[in-house]
Each structure stands twice: as C-alpha cells, then as structure tokens.
Amino acid sequence: APARRISEGTVENIRYHRDAAPVPDHKNEDVCFVIENERFYACAVCDGHDGASAATFAVEAIKHYINSDPERWLQNDDCVETKLKECIMLTDANFFEQRRKYIEEKRHIEAQIPHDMKSYEASQQYPREVARLQELESLISGGCTAVVAVVCGNKL
C-alpha cells in the first residue's frame with residue numbers, strides 16, 4: 001500500500017540556561033522521518049555527527065528503501081527484521097561508496113607532501129594541496145547514528 005503520509009524534518013538545537021531564555025546552541029545535524037499507511041508505521045531519527053550530510057543521506061536512503069516496496073516488509077515478522085538490517089547495511093555501504101573518490105583523492109595528495117613535514121611548512125610549500133585536503137576532509141568527515149522503528153499491526 002502506498003504511503004498515506006510522509007513527514008520529515010529537523011528541530012533546532014537549543015541550550016537552556018537556568019537564568020536565561022533558551023538560545024540556539026549549534027547548527028542542527030539531526031534529521032528524521034515518519035512514514036504511515038494502513039498496514040505499517042515507520043520512523044527514523046538520524047543523529048548527525050560533524051555535520052548533517054550523513055544524517056540526511058541516511059534518512060533519504062532508508063525512506064527510499066522502505067517506500068520502494070513496502071509490502072515486502074510485511075510478509076512475516078522475520079522479514080521485517082531481515083529487511084531492516086538489509087536496509088541499514090545498504091545505506092552504510094552506499095554512503096561509503098559515495099565518498100570513496102574523495103578518500104582516494106586525499107590519499108593521492110597526501111602522498112605528494114613529505115610525511116615528516118610540519119603542517120605550517122606544508123601550507124607554505126604546498127598551499128593548493130593543503131587547501132584541497134581541507135576541503136576533502138570536510139566532505140569525508142561526519143557520520144550518523146540511526147534509530148529506525150517499524151510497527152506492523154501491534155508488533156514493533
């Protein structure tokens with residue numbers, strides 16, 4: 001059955017102080033979604049680390065996987081658990097595959113800079129390479145922890 005409702009979003013991170021009004025703490029890195037139809041309910045919260053890119057990737061991948069054929073999840077109780085594990089493993093593999101080219105480029109550039117060179121020296125002698133390494137690091141870094149729940153009938 002097609003999803004009746006799909007919701008997703010984020011919530012601002014707030015720090016509450018004893019004697020002050022709530023203030024934004026840091027940029028939100030968490031993403032969530034809810035999928036609901038007449039046969040099942042699925043939701044996920046992906047807690048991003050060092051940026052929201054991994055959490056956003058995970059939410060989109062998990063949501064797509066569940067929505068691509070929701071009936072396959074409902075064949076039996078073991079099927080739900082198996083499909084959920086498969087979904088998480090595929091999401092993880094696809095996330096790293098997407099970043100493989102950045103990791104390879106980083107290794108290639110690092111091989112051009114002497115290993116015993118101090119970072120200041122490297123930035124002076126190899127400014128373009130060091131700048132690109134910093135860009136690549138921001139593309140490679142990050143991750144997320146995902147919590148996913150699927151409820152079918154009265155079973156979680």
Side-chain angles (χ1 to χ4, degrees), residues 1-110 119 123 129-156:
R4 281 195 323 231
R5 183 177 69 130
I6 300 175
S7 302
E8 59 185 271
T10 63
V11 177
E12 186 175 30
N13 287 304
I14 301 290
R15 178 167 292 182
Y16 294 91
H17 301 278
R18 278 184 211 206
D19 300 328
V23 294
D25 185 39
H26 61 281
K27 187 174 180 184
N28 189 15
E29 300 174 340
D30 307 338
V31 185
C32 63
F33 75 82
V34 174
I35 299 173
E36 179 184 357
N37 71 21
E38 63 274 353
R39 298 204 43 213
F40 77 95
Y41 177 90
C43 62
V45 176
C46 295
D47 176 13
H49 310 296
D50 198 17
S53 66
T56 301
F57 181 92
V59 159
E60 292 303 317
I62 295 167
K63 191 171 55 173
H64 173 76
Y65 189 83
I66 292 172
N67 273 328
S68 64
D69 185 8
E71 294 303 316
R72 73 178 166 193
W73 291 76
L74 306 175
Q75 294 169 2
N76 59 52
D77 292 346
D78 291 335
C79 186
V80 172
E81 182 178 350
T82 300
K83 292 297 180 186
L84 188 55
K85 286 179 183 177
E86 182 181 298
C87 170
I88 297 299
M89 296 302 288
L90 282 170
T91 298
D92 195 48
N94 290 336
F95 179 76
F96 285 107
E97 183 60 34
Q98 186 185 64
R99 281 149 177 78
R100 180 184 311 275
K101 66 182 178 184
Y102 301 131
I103 294 168
E104 290 171 0
E105 183 182 353
K106 181 180 177 196
R107 287 182 183 149
H108 176 73
I109 294 171
E110 287 173 335
S119 40
S123 69
E129 290 84 352
V130 170
R132 181 61 181 154
L133 284 173
Q134 290 170 343
E135 291 171 12
L136 289 168
E137 189 60 37
S138 71
L139 294 169
I140 294 168
S141 67
C144 79
T145 302
V147 177
V148 182
V150 178
V151 178
C152 298
N154 63 353
K155 295 183 180 176
L156 176 63

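We use all heavy atoms of the structure for the numbers below, so side chains are in, but hydrogens, waters and symmetry mates are not. Because the structure is a prediction, the values reported are computed rather than measured.
Look at Glu105 and Lys101 and you find no salt bridge, because none of the NZ, NE, NH1 or NH2 atoms lies under 4.0 Å from a carboxylate O. Using a 4.0 Å cut-off between a side-chain N of Lys or Arg and a carboxylate O of Asp or Glu, Glu60 and Lys63 qualify as a salt bridge. Salt bridge present: Glu97 and Arg100 bring a charged side-chain N and a carboxylate O closer than 4.0 Å.
Taken to the nearest 0.5 Å, the CG atom of Leu84 stands 12.0 Å off from the CE atom of Met89. Rounding to the nearest 0.5 Å places OH of Tyr102 at 12.0 Å from OG of Ser141. Note that NE2 of His108 is 11.5 Å distant from CG of Leu136, once rounded to the nearest 0.5 Å.
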Would you check, one step at a time, whether the test side-chain contact (heavy atoms from CB on, under 4.5 Å) holds for Arg99 with Leu139? CA-CA 8 Å; Arg99 281 149 177 78; Leu139 294 169; over 6 Å; no
I would like to know whether Ile62 and Ile88 meet side-chain contact (heavy atoms from CB on, under 4.5 Å); could you show each step before the answer? CA-CA 7 Å; Ile62 295 167; Ile88 297 299; 3.9 Å; yes
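Within the 3.5 Å criterion, the main-chain N or O of Cys144 finds no donor-acceptor partner in the side chain of Asp47. Of the possible polar contacts, none joining the Thr56 side chain to the Ser53 backbone as a donor-acceptor pair under 3.5 Å is found.
Nearest heavy atom pair, residue Val59 against residue Cys32, reads CG2-N, 4.2 Å. Closest of all the heavy-atom pairs between Ala54 and Gly142 is CB-C, 4.4 Å.
The number of heavy-atom neighbours closer than 6.0 Å to NE2 of His64, taken from other residues, nucleotides and ligands shown, is 12 or below.
At a threshold of 4.5 Å between non-hydrogen side-chain atoms, the residues Tyr65 and Thr91 do not count as touching. By the 4.5 Å heavy-atom criterion applied to side chains, Leu133 and Glu137 are not counted as neighbours.
Here Glu129 pairs with nothing under the salt bridge (Lys or Arg N to Asp or Glu O under 4.0 Å) rule; sequence neighbours left out.
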